[in-house]
Amino acid sequence: MPELPEVEAVRRYLEPYVMHQQIARVYLRRADLRSPFPRGFRRRLEGQTVDSVMRRAKYLLVTLSSRDTLLMHLGMSGSFRVDGPEDASLDGGDYPAGPGLHDHVVFRMASGAVVTFNDPRRFGSMDLLTPVQLARHPVLSRLGPEPLSSAFDAATLARACTGKKVSLKLALLDQRVVAGLGNIYASEALHVAGLSPFRRASIIATLSGAPRDSAVRLMRAIKRVLAQAIDRQIRDSRSSRFRVYDREGERCPRAGCAGIIARRSQAGRSTFYCPVCQK
DNA sequence: ATTGAGACCTGTCGGC
DNA sequence: TGCCGACAGGTCTCAA
């Protein structure tokens with residue numbers, strides 16, 4: 001489930017359990033996720049205290065007293081759960097009696113809380129970066145603006161789309177354009193903005209330096225869709241339903257629109273949209 | 001440089 | 001019920 005709102009919800013869930021807490025032990029139940037764990041992963045984590053739990057795009061960043069940063073990505077199917085001290089029967093031995101299927105990494109905090117990373121598809125990743133590695137990270141350093149920050153405005157979005165020949169949908173999936181949207185919220189934002197996913201991204205581009213109406217609408221739609229999704233994640237963790245995503249054949253939710261939600265594939269991924277009100 | 005296609009891995013769901 | 005293929009919310013790499 002992890003696009004920006006879901007990752008943000010995970011961040012807020014984990015924070016109270018790990019912030020200012022010491023990592024007592026780390027259990028690796030395999031040698032890799034999408035890529036191998038870095039050398040000395042466990043040794044460099046055990047004994048450290050967590051200074052902060054941050055999110056950038058779909059990445060979680062846990063900074064440590066050693067100045068290293070634990071960089072984590074949930075991939076498609078990654079999730080965390082925390083079991084309280086009362087559930088933890090980990091004394092001494094290996095983790096634990098009867099770990100769940102796909103429980104790949106377990107952090108036992110000095111408080112007794114047990115933080116477990118589960119990821120059936122193993123598209124997730126964990127890396128441990130020195131400050132220099134963090135500053136020069138090939139992916140992080142190229143990410144576009146955080147969509148909910150003031151740094152993300154219509155002019156920025158328009159500039160990022162200038163000269164782009166890909167469709168709007170694909171542009172929104174490009175993490176260098178804006179960081180944190182995935183397949184669901186790209187469709188959702190385009191519907192709110194009333195823009196067709198198939199138009200060239202360059203229709204958003206600046207017009208003699210000034211952002212166009214469509215850029216303003218899309219920027220606002222992105223912020224609104226993500227903010228509402230985070231809200232929903234926090235309030236009820238029931239998997240939320242969407243305006244267009246996974247609603248092929250249903251009525252368009254826009255007031256006064258009689259369209260039927262359609263689905264088409266773009267770059268091998270499903271796009272959901274209303275052919276009537278998205279121009 | 002940009003773009004599209006394929007790969008990574010497992011689980012689930014619909015059709016037969 | 002059981003098998004089989006298609007598909008799933010994300011990146012990364014490679015070739016055109």
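Residue numbers start from 1 in every chain, and the chains themselves are labelled A, B, ... in the order their sequence lines are given, proteins ahead of strands.
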Rounded to whole Å, please give me the gap between [atom1] in [X] and [atom2] in [N].
X: A:L74; N: B:dT10; atom1: CG; atom2: P; result: 18 Å
X: A:H73; N: C:dG10; atom1: NE2; atom2: P; result: 8 Å
X: A:R247; N: C:dG9; atom1: CZ; atom2: C1'; result: 16 Å
X: A:R176; N: C:dC12; atom1: CZ; atom2: C1'; result: 12 Å
X: A:I184; N: C:dA8; atom1: CD1; atom2: P; result: 11 Å
X: A:F242; N: C:dA8; atom1: CZ; atom2: C1'; result: 13 Å
X: A:R142; N: B:dT2; atom1: CZ; atom2: P; result: 11 Å
X: A:D119; N: C:dG10; atom1: CG; atom2: P; result: 13 Å

For [N], does OP1 or OP2 lie under 4.0 Å from any side-chain N or O of [X]?
X: A:H102; N: B:dT10; answer: no
X: A:S270; N: C:dA8; answer: yes
X: A:K164; N: B:dT3; answer: yes
X: A:R269; N: C:dA8; answer: no
X: A:K165; N: B:dT3; answer: no

Using a 4.5 Å cut-off on heavy atoms from C-beta on, say whether the side chain of [Y] contacts that of [X].
X: A:I204; Y: A:R212; value: no
X: A:F41; Y: A:M126; value: yes
X: A:V82; Y: A:M109; value: no

Rounded to the nearest 0.5 Å, what's the gap from CZ on A:R30 to NE2 on A:H104? Could you check? 6.0 Å

Quick one: which of [options] gets closest to the side chain of [X]?
X: A:L170; options: C:dG10, B:dG4, C:dG9; value: B:dG4
X: A:Y59; options: C:dG9, C:dA8, C:dC12; value: C:dC12
X: A:E3; options: C:dG10, C:dC7, B:dT10; value: C:dG10
X: A:R263; options: C:dG10, C:dC7, B:dT3; value: C:dC7

Does the ring of A:F123 lie flat against the base of B:dC9, closer than 5.5 Å centre to centre with planes under 30°? no

Are A:Y245 and C:dG9 stacked, counting the six-membered base ring, centres under 5.5 Å, planes under 30°? no

Nearest-nucleotide check on DNA chain C, A:Q175 vs A:R121; residue mapping nearer the 5' end is A:R121

Which part of the nucleic acid, if any, lies within contact of A:S125, taking any heavy atom under 4.0 Å across all strands shown: a base, the sugar-phosphate backbone alone, or nothing? nothing

Which part of the nucleic acid does A:L101 contact within heavy-atom distance under 4.0 Å: base, sugar-phosphate only, or nothing? sugar-phosphate

Report the base-pairing partner of C:dG9 (Watson-Crick or G-U wobble, both distances below 3.5 angstrom), or none. none

B:dC9 pairs with which nucleotide, Watson-Crick or G-U wobble, both distances below 3.5 Å? none

Is a salt bridge present between A:R12 and A:E15, judged by a nitrogen-to-oxygen distance below 4.0 Å? no

Decide, yes or no, whether a salt bridge links A:E3 with A:K58 under the criterion of side-chain N to carboxylate O below 4.0 Å. no

Provide the distance between the two P atoms, one in C:dC7 and one in B:dA5, to the nearest whole Å. 15 Å

